[in-house]
Number of protein chains: 2
Amino acid sequence: MKVKKDMMSGEDIRNAGLKVTLPRVKILGVLEQLEHGHVSAEDLYKLLLDAGEEIGLATIYRVLTQFESAGLVTRHHFEGGQSVFELDRGDHHDHIVCIRCGKVEEFFDQTIEDRQQEIATSKGFAVEAHALTIYGYCKDPKCKGS
Amino acid sequence: MKVKKDMMSGEDIRNAGLKVTLPRVKILGVLEQLEHGHVSAEDLYKLLLDAGEEIGLATIYRVLTQFESAGLVTRHHFEGGQSVFELDRGDHHDHIVCIRCGKVEEFFDQTIEDRQQEIATSKGFAVEAHALTIYGYCKDPKCKGS
DNA sequence: AGCCGAATGCAAAAGCTTCTCATTTGTTGC
DNA sequence: GCAACAAATGAGAAGCTTTTGCATTCGGCT
Ligand SMILES: [Mn+2]
Ligand SMILES: [Mn+2]
Ligand SMILES: [Zn+2]
Ligand SMILES: [Zn+2]
């Protein structure tokens with residue numbers, strides 16, 4: 001039974017078998033309050049600094065990786081070097097990214113999901129994951145048309 | 001009218017506005033003869049060394065990037081750090097990768113392509129590109145089941 | 001309060017890719 | 001063919017993102 005979570009807390013950290021430390025709580029807090037749910041480790045680091053929390057970048061990377069293993073966070077490899085993270089609220093989705101302004105929108109399409117499964121099966125593969133990202137220009141006047 | 005090319009040559013390099021140099025010809029040659037068409041810059045470097053061609057890694061990266069701009073080569077960002085390159089024979093396709101042995105298979109599915117276009121349009125995006133990679137375990141006994 | 005292992009911060013290191021610059025190589029016009 | 005010049009190459013340094021080592025600090029438990 002998959003439930004879409006709205007609120008993460010220290011409970012989730014504890015349930016992942018991790019100590020509930022200040023850095024972890026703060027990182028989870030920032031991820032939760034993000035309007036655009038997608039951030040790089042570096043951006044998260046800066047957001048925390050702005051919020052007055054001095055958490056080392058190494059810790060950010062470590063914690064994000066642990067959160068990922070625990071299923072609290074999802075990591076994406078969009079083009080452009082840096083990994084991007086977002087809270088995993090239990091709703092799988094794919095992304096469409098504007099290559100001009102960087103805006104990220106999410107979508108889910110059962111038809112695509114089904115076809116992927118069929119293709120994998122037909123080739124003898126057992127699907128574990130997939131990454132689908134569409135790149136293009138968004139409807140913003142500044143981005144529309146090259 | 002899209003034609004699937006079987007053979008690349010110095011002509012293609014020249015048409016891209018590039019000088020027909022020995023390193024570029026050799027790199028194109030290796031890419032062409034690959035059974036599994038997907039290689040990292042590092043692997044390509046080693047393959048050339050094995051073939052007795054001492055071409056600097058920096059040159060490999062430069063040339064691959066130029067070939068990419070010229071449409072001779074496609075670059076993929078599979079998980080695992082390194083970029084992977086393959087000759088662009090004009091036939092767009094996506095990939096399914098074994099997370100155990102690394103095998104890469106290709107597929108093309110018009111239904112998925114169409115749905116992507118529809119989704120992008122519905123969100124006001126003009127599609128420029130997309131990356132779809134399925135990860136799983138291939139049918140090889142060594143890979144099957146975790 | 002005090003113990004102990006886990007977590008953190010910092011700096012160093014690693015992994016991949018790009019850049020700098022002196023030297024070499026294609027190409028073009030005699 | 002050959003000189004002339006711009007373009008390309010090789011080697012190493014540098015750049016970026018991410019990981020790691022280690023001394024110190026912190027969280028959970030008595
Ligand atoms: Mn998302
Ligand atoms: Mn391919
Ligand atoms: Zn945009
Ligand atoms: Zn396999």
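Just so it is clear: chains get the letters A, B, ... in the order the sequence lines come, proteins before strands, and each one is counted from 1.
With rounding to whole Å, A:R14 atom CZ is found 13 Å from C:dA7 atom P. The distance from atom CG of A:L64 to atom P of D:dT17 is 15 Å, rounded to the nearest whole Å. One atom, CD of B:E79, and another, C1' of C:dC16, lie 16 Å apart when rounded to the nearest Å. Distance A:L57 CG to C:dA7 C1': 16 Å, rounded to the nearest Å. Going from atom OH of B:Y45 over to atom P of C:dC16 covers 14 Å, rounded to whole Å. Rounded to a whole Å, the CD1 atom of A:I55 is 11 Å from the P atom of C:dC10. In this structure, A:K26 atom NZ and D:dG27 atom P are separated by 12 Å, rounded to whole Å. When the P atom of D:dT17 is taken as reference, atom CZ of A:F85 falls 13 Å away, rounded to whole Å.
Nearest nucleotide to the side chain of A:Q82, out of C:dT18, D:dT18, C:dG9: D:dT18. Side-chain atoms of A:K19 lie closest to C:dA6 of the nucleotides D:dT19, C:dA6, C:dT18. Closest to the side chain of A:R62, out of D:dG28, C:dT8, C:dT20, is C:dT8.
Checking B:T59 against B:R62 by side-chain atom types alone, a donor-acceptor pair falls below 3.5 Å.
Position along DNA chain C of the nearest nucleotide to A:L18 versus B:G81 favours A:L18 as the more 5'-ward residue. Nearest-nucleotide positions on DNA chain C for B:A58 and B:L22 put B:A58 closer to the 5' end.
By the 4.5 Å heavy-atom criterion applied to side chains, A:L34 and A:F85 are not counted as neighbours.
The distance from the CZ atom of B:R115 to the CG atom of A:D114 is 11.5 Å, given to the nearest 0.5 Å.
B:T21 has a side-chain polar atom (N or O) that falls below the 4.0 Å cut-off from OP1 or OP2 of D:dT9. When the side-chain nitrogen and oxygen atoms of B:Y61 are compared with OP1 and OP2 of C:dT18, none of them lie within a distance under 4.0 Å.
Checked options A:L31, A:I60, A:V84; the residue passing with A:V39 is A:L31 (criterion: side-chain contact (heavy atoms from CB on, under 4.5 Å)).
Under 3.5 Å, the side chain of B:R24 and the base of C:dG26 form no donor-acceptor pair of N or O atoms.
If you check every strand for non-hydrogen atoms under 4.0 Å, A:E54 touches sugar and phosphate atoms only. Across all strands, A:S83 comes closer than 4.0 Å only to sugar-phosphate atoms, never to a base (heavy-atom distances).
A:Y137 and B:E128 make their closest contact through CE1-CG, 3.4 Å (heavy atoms, listed as atom of the first residue, atom of the second, distance).
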